[in-house]
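Within every chain, numbering begins at 1; the chains are lettered A, B, ... in the order of the sequence lines, protein sequences first and strands thereafter. Keep in mind that this is a model prediction, so the values were computed, not measured.
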Protein chains: 2
Amino acid sequence: MTDDGPRPVKTTKASIALVRAVHDSDGATLSELADRLEMAKSTVHNHLHTLVDEGFLVRDGDTYHIGLQFLPFSEHARTRNPLYAPARRRVYALAEQTGNEADFIVEENGRAYSLEYAIGESSRGGLPESSPFRAGNRFHMHNCASGKAMLASMPESRVREIVDRWGLPGTTEHTITAESALFDELETIRDRGYATNDEELIDGYRSIGASVTSPDGDVIGAFSIGGPTYRMAVDEATTEEIAQLLSEEIDALEAGLF
Amino acid sequence: MTDDGPRPVKTTKASIALVRAVHDSDGATLSELADRLEMAKSTVHNHLHTLVDEGFLVRDGDTYHIGLQFLPFSEHARTRNPLYAPARRRVYALAEQTGNEADFIVEENGRAYSLEYAIGESSRGGLPESSPFRAGNRFHMHNCASGKAMLASMPESRVREIVDRWGLPGTTEHTITAESALFDELETIRDRGYATNDEELIDGYRSIGASVTSPDGDVIGAFSIGGPTYRMAVDEATTEEIAQLLSEEIDALEAGLF
DNA sequence: CACGCCCGTTCACACATTCCGAACGCTTAT
DNA sequence: ATAAGCGTTCGGAATGTGTGAACGGGCGTG
């Protein structure tokens, strides 16, 4: 499952587990963390102080939060991708044109990361910055439109690697959790040129995505457009229209790159 | 100097040092890192594999890079700040109005972090995303306009804490490196209501900053406007004009918050 | 074509370090 | 007044980290 290859450094893993726990609970106290991770309070104490000293956690009274020290590294990683700057602008353009949510997603280590996200003017009232696809979020490849679009453009061996590594966890009753079903779906996606996510990640959210590839066929990212089901019609005409829009933006982007 | 309080976790510190080294050298190989940090290759090997497994580093051939796993945490930390969303828009507005660079900076753990950055349309040709104040960067408080503006609004005891913890390293010949000079400067800033950075961080870069405070006087952030010296005039009229603009935006922001 | 260099990888060993649990001081609620 | 909860401190024990030497592969060079 989590085969590290050689010898995982357990102490580092413990520190990271603490950071993850703080992240997931959106702030936690020392005792909460010790209980949750089944570590001695004194051990947690030492780790937390070290992480605060390094700026990765911040202490506010007796609760710990994620620190801003992640920012320099994350911006470094994000902007290192040459696609980021051009894709960024297209995400904003797509959001405005469709009035829905748009994002740009890349794959790393078998997971999908949203590098940029925007929501169209007309829809901004509802949920301003709380979409699941907000920049910075991480997904499994098989349950979002962009992820499936990228999988469909990869060699089968790579797809199997990713599925073996991360599995196909289900989050709604529509999630594809069987490997054979996934491969069928990827075939369909290749045929029509775009992928859909019909309430496969969260209930009530639909999206359409398409991948960006380099001239030699390597996948380098994906765009998707989505929104709540009441705003994203399921009829084929609308879907095709959005897919067409995506396709145009992607062609333009690819043309400008090489 | 780096007093951790209780008992620092050395293994975690080692992992973090590796990440920092990868960040600073913008990609590094195992041997380079072992040399630079004077660690055994086998030790570095184990740490790197653990960090890759967790997604904080990525391996590309034989060189390691910063991984996208920092993104979810950094976005979490950034958006946890209630000022982020409203400040974000004002940064873009300020950039457009002045045609220069604008950013919003907050203090954490005695350091200044740029949460958002934008550059005005008219100046975008030159250096699009390469400014020192790009979102995500971290500074010392004493050598940027926003940092000094925040220091000036803090109780003296806090300023001393920060200076003791991080020192006053100089990066240009204009940097304030003496504690007494810094306190004089803070007095001046309090008198006129805004801070300046006249090539104190990097040569050829000037900026003007002012702090945002809560009704009870706590500093919660700062905005600044800056650019290369050839675009940022030194005459008092221009400076006052920019300070006035900052002041208006900050008043409007504070009014909307409480 | 073969040699040697440099890279990452593996392994067994020794000791430094982490981890633990119990005890302490503090604040808050009962 | 008392007790329960919190974070903190500390000594001791064993685990796990760090080390260095040896291995194997890839690449450029002689």
Side-chain angles (χ1 to χ4, degrees), chain A residues 1-67 108-109 161 165, chain B residues 1-23 25-67 109 161 165:
Chain A
M1 191 77 178
T2 44
D3 186 10
D4 255 352
R7 217 171 11 170
V9 183
K10 299 194 182 178
T11 307
T12 297
K13 289 237 170 205
S15 279
I16 294 174
L18 279 168
V19 171
R20 288 221 147 88
V22 170
H23 175 86
D24 293 342
S25 47
D26 197 74
T29 67
L30 192 154
S31 304
E32 278 170 35
L33 294 166
D35 282 353
R36 169 117 44 113
L37 301 182
E38 296 181 334
M39 298 164 73
K41 282 199 300 176
S42 53
T43 305
V44 175
H45 179 251
N46 288 333
H47 278 265
L48 292 182
H49 272 263
T50 307
L51 291 165
V52 167
D53 184 63
E54 296 284 345
F56 290 106
L57 292 180
V58 205
R59 183 171 178 174
D60 179 26
D62 274 346
T63 70
Y64 291 85
H65 290 281
I66 299 296
E108 190 175 282
N109 212 6
E161 261 179 48
R165 168 78 205 266
Chain B
M1 191 76 180
T2 45
D3 186 10
D4 255 353
R7 226 169 354 178
V9 184
K10 299 194 182 177
T11 307
T12 297
K13 291 235 170 206
S15 279
I16 294 174
L18 279 168
V19 170
R20 289 223 146 87
V22 170
H23 175 85
S25 47
D26 197 75
T29 68
L30 193 153
S31 304
E32 279 169 35
L33 294 166
D35 282 353
R36 168 118 43 113
L37 302 182
E38 295 182 333
M39 299 164 73
K41 281 199 299 177
S42 51
T43 306
V44 175
H45 180 251
N46 288 332
H47 278 266
L48 292 181
H49 272 264
T50 307
L51 290 165
V52 168
D53 184 64
E54 296 283 346
F56 290 107
L57 293 180
V58 206
R59 183 171 177 172
D60 179 25
D62 273 346
T63 70
Y64 292 85
H65 290 281
I66 298 296
N109 211 9
E161 260 178 48
R165 167 79 205 267

Discussion item. Closer than 3.5 angstrom, by distance alone: can the side chain of Asn109(A) be matched with the main-chain N or O of Val52(B) as a donor-acceptor pair?
Written reply: yes

Are [X] and [Y] side-chain neighbours, meaning at least one heavy-atom pair lies under 4.5 Å?
X        : Y        : result
Glu54(B) : Arg20(A) : yes
Arg59(A) : Leu48(A) : no
Thr11(B) : Thr12(A) : yes
Leu57(A) : Val22(A) : yes
Leu37(B) : Val44(B) : no

For the pair made of [atom1] in [X] and [atom2] in [N], what is the distance, rounded to whole Å?
X        : N       : atom1 : atom2 : result
Leu37(B) : dT19(D) : CG    : C1'   : 16 Å
Leu30(A) : dG7(D)  : CG    : P     : 5 Å
His45(B) : dA22(D) : NE2   : C1'   : 15 Å
Asp62(A) : dG7(D)  : CG    : P     : 5 Å
Asp60(B) : dC7(C)  : CG    : C1'   : 16 Å
Leu48(A) : dT9(D)  : CG    : C1'   : 16 Å

Fill in: Nucleic acid contacts of residues 19-28 of chain A, taken as heavy-atom distances under 4.0 Å to DNA chain C
none

Worksheet item: To the nearest 0.5 Å, what is the distance between NE2 (His23(B)) and CD1 (Ile16(B))?
Response: 14.0 Å

Response to the item:
The reported gap from NE2 in His47(B) to CG in Leu33(B) (rounded to nearest 0.5 angstrom) is 12.0 Å

Practice prompt. Compare side-chain N and O positions of His49(B) against OP1 and OP2 of dT9(C) and report whether any pair is under 4.0 Å apart.
Written response: yes

Response to the item:
Heavy-atom contacts, protein to nucleotides 12-26 of chain C, under 4.0 Å, summarised as B (base), S (sugar-phosphate only) or - (none) per nt, yield B----SSBBB-----

